[in-house]
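These notes concern the structure reproduced below.
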Amino acid sequence: IKNNIHPKDWTYKNIDLPPQQTTNFNKEGETCYLLTGDTCEVTVGETTHTFSKYDCKKLSSSECSIKNVSNETTRVVAIYK
């Protein structure tokens, strides 16, 4: 199987987010995905999206807030290029 995506083109950074804590996140790169290690709420403007454990969704907005709604510290990973 071949694809046109090379791992070296992608960068990532992670955030360890304690339970019930919120952080603001600014989109990185032109294409950016958020991967959550547990249940989180991602708010863009007035709209809140629930991310389940291991959800990975494309971030189209330039900024969002991420709240860990689980009972454990979770890692949120931004994967971008």
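Model, not experiment: these values are computed from the prediction.
Pairs of residues two or more places apart, or lying in two chains, that qualify as salt bridge (Lys or Arg N to Asp or Glu O under 4.0 Å) and include a residue from residues 56-71 are Asp55-Lys57. Applying the side chain to side chain donor-acceptor pair (under 3.5 Å) definition to pairs two or more places apart or across chains, those involving residues 40-52 are Thr43-Thr48.
The CG atom of Asp9 sits 13.5 Å away from atom OH of Tyr80, with the distance rounded to the nearest 0.5 Å. Here CG of Leu59 is found 5.0 Å from SG of Cys64. Values are rounded to the nearest 0.5 Å. Atom CG of Asn71 and atom OG1 of Thr39 lie 9.5 Å apart (nearest 0.5 Å).
Shown here are the side-chain hydrogen bond (donor to acceptor under 3.5 Å, both in side chains) partners of Asp16, two or more places apart in sequence or in another chain: Arg75. Every residue was checked against the side-chain hydrogen bond (donor to acceptor under 3.5 Å, both in side chains) condition with Thr22, not counting sequence neighbours, and none meets it. In this structure Ser70 satisfies the side-chain hydrogen bond (donor to acceptor under 3.5 Å, both in side chains) test together with Asn68, sequence neighbours excluded. Under the rule for a side-chain hydrogen bond (donor to acceptor under 3.5 Å, both in side chains), Thr73 has no partner lying at least two apart in sequence or in another chain. Shown here are the side-chain contact (heavy atoms from CB on, under 4.5 Å) partners of Lys53, two or more places apart in sequence or in another chain: Asp38.
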I'd like a table of donor-acceptor pairs (distance under 3.5 Å, sequence neighbours excluded) in which one partner is a side-chain atom from residues 23-35, with atom names and distances.
unit_1	atom_1	unit_2	atom_2	d
Lys27	NZ	Glu30	O	3.3
Glu28	OE2	Lys13	NZ	2.7

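For Gln20, the CD atom sits in a packed shell: over 12 heavy atoms of surrounding residues, nucleotides or ligands are nearer than 6.0 Å.
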